[in-house]
Amino acid sequence: MNGVGIFGGTFNPVHIGHLRSCIELRETLGLTAIHLIPSARPPHREAPVVSAEHRLTMLHLAIDEEPGLQVDDRELRRDGLSYTIDTLQELRGELGNDTSLSMCIGMDSLVNLASWHRWQSLTDFAHLVVVARPGWQVPDTGPVANWLDDKLVSDVELLTNTPAGQVLVSEMTLLPMSSTGIRKKLAAGQSVRYLVPDAVLDYIEQHRLY
Ligand code: ATP
């Protein structure tokens, strides 16, 4: 095992789709650890209503017993907007220049990558592992397509054997669920058992979230 993965999100709340993706990412790339990084104030989206503290606690409840998955709260501790590039730069500084670092993003994010702060520099610090999302294709024209031209690879070993710089489109399972769907069910008084870990469900009920 070698290398570190990054899985960011709002985790509002964390669900088993996130957890399965992290486990598959870790196994496919043979990574030592995946950092699950809850975002504080995502630049692209409205601030979540449920506090960062609750989202962080639910993430701990979901993964603290799972070897190889770890909560990384650096974006919650940082002031100002949470830019991914800053997180990657920081982690690269901690890991040194040789360790393979791979960040998981959805295909929807890849398609909109040009709206991210200093997007062209993301691969200076990490690889990107792009997960298919229904209705989204790898861009084949425009700035992101041009940028991808010399970065797209299909061989996983190219990611594990180098520190950064490649983009891999992954076949990872995407379980048919979202935090939005879970929040809607809860708001409608429906059960979300088995969509989130039991400890997360207990926490949601105890604190009457959503
Ligand atoms: P929301 O519905 O609030 O937008 P979400 O379920 O999409 O939330 P996020 O916290 O925004 O979850 O996403 C974090 C990461 O998890 C993103 O990389 C996203 O692509 C991925 N992801 C979201 N849903 C799933 C799923 N069902 N299976 C695997 N990965 C998922």
Side-chain angles (χ1 to χ4, degrees), residues 4-29 31 34-63 66 69-76 81-85 87-88 91 101-113 115-116 119 122 126-139 144 167-188 190 192 194-197 200-201 203-204 209-210:
V4 169
I6 298 175
F7 194 94
T10 33
F11 303 116
N12 185 30
V14 60
H15 55 67
I16 61 164
H18 299 136
L19 303 176
R20 279 305 312 166
S21 278
C22 288
I23 286 172
E24 288 187 23
L25 178 69
R26 178 164 182 247
E27 287 178 345
T28 309
L29 270 61
L31 302 172
I34 309 270
H35 289 228
L36 285 89
I37 308 187
S39 53
R41 279 185 274 164
H44 301 283
R45 330 173 42 152
E46 283 176 31
V49 176
V50 164
S51 71
E53 197 189 350
H54 282 315
R55 292 185 290 118
L56 181 64
T57 305
M58 289 189 282
L59 204 48
H60 276 293
L61 289 170
I63 68 169
E66 183 61 32
L69 301 189
Q70 63 191 58
V71 180
D72 182 333
D73 65 356
R74 70 184 63 232
E75 293 193 357
L76 301 182
L81 288 174
S82 37
Y83 288 119
T84 301
I85 190 85
T87 300
L88 296 186
L91 267 166
L101 180 62
S102 297
M103 178 174 67
C104 188
I105 62 171
M107 185 66 82
D108 50 330
S109 297
L110 180 72
V111 168
N112 294 308
L113 201 67
S115 66
W116 291 28
W119 64 280
L122 293 168
H127 302 297
L128 300 184
V129 177
V130 183
V131 183
R133 280 238 156 169
W136 297 90
Q137 306 285 333
V138 179
V144 175
V167 179
L168 177 89
V169 177
S170 155
E171 301 292 319
M172 270 183 331
T173 317
L174 197 68
L175 293 175
M177 67 184 62
S178 66
S179 300
T180 305
I182 288 169
R183 292 194 301 273
K184 280 190 183 150
K185 277 192 194 300
L186 288 165
Q190 294 170 348
V192 297
Y194 309 125
L195 295 176
V196 299
V200 172
L201 182 58
Y203 187 87
I204 289 172
L209 305 180
Y210 309 107

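No hydrogens, no waters, no symmetry mates; every other heavy atom, side chains included, goes into these values. Counting from 1, the numbers follow the sequence of the chain as shown. For ligands, and for the atoms within them, numbers begin at 1 and follow the listed sequence.
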Non-hydrogen atoms of L175 versus ligand 1: any pair closer than 4.0 Å?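 Yes, L175 has a heavy atom closer than 4.0 Å to ligand 1.
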Mark the output for S109 as yes if a heavy-atom distance to ligand 1 is under 4.0 Å, and as no if none is.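 Outside the 4.0 Å threshold, so no.
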With a sphere of 6.0 Å drawn around CD of Q190, does it hold more than 12 non-hydrogen atoms of other residues, nucleotides or ligands?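 Count over threshold, so yes.
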Using distance alone, decide if ligand 1 has a nitrogen or oxygen within less than 3.5 Å of any nitrogen or oxygen in [X].
X	result
S179	yes
P176	no
G181	no
F7	no
N12	no

For [X] and [Y], work out which heavy atoms get closest and say how close.
X	Y	answer
L31	L25	CD1-O, 4.1 Å
W136	M107	CB-CG, 3.5 Å
D72	H35	OD2-ND1, 2.7 Å

Closest candidate by heavy atom, reference atom 12 (O) of ligand 1, pool H18, M172, H15, R183: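 That would be H18.
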Can you list the atoms of ligand 1 that are under 4.0 Å from a heavy atom of [X]?
X	value
S178	2 (O), 6 (O)
M177	24 (N), 26 (C), 27 (N)
T180	1 (P), 2 (O), 3 (O), 4 (O)
F11	10 (O)
G9	10 (O), 14 (C)

Do [X] and [Y] make a side-chain contact, defined as non-hydrogen atoms from C-beta onward lying under 4.5 Å apart?
X	Y	answer
M58	L209	yes
V71	F11	no
L113	L128	yes
V111	V144	no

So which bit of S21 gets within less than 4.0 Å of ligand 1, heavy atoms only: side chain, backbone, both or neither?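 Under 4.0 Å from ligand 1, S21 contributes side-chain atoms alone.
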Tell me which one of V196, L19, L56 satisfies side chain to side chain contact (heavy atoms under 4.5 Å, CB included) with V14.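 With V14 as partner, V196, L19, L56 yield a single side chain to side chain contact (heavy atoms under 4.5 Å, CB included), made by L19.
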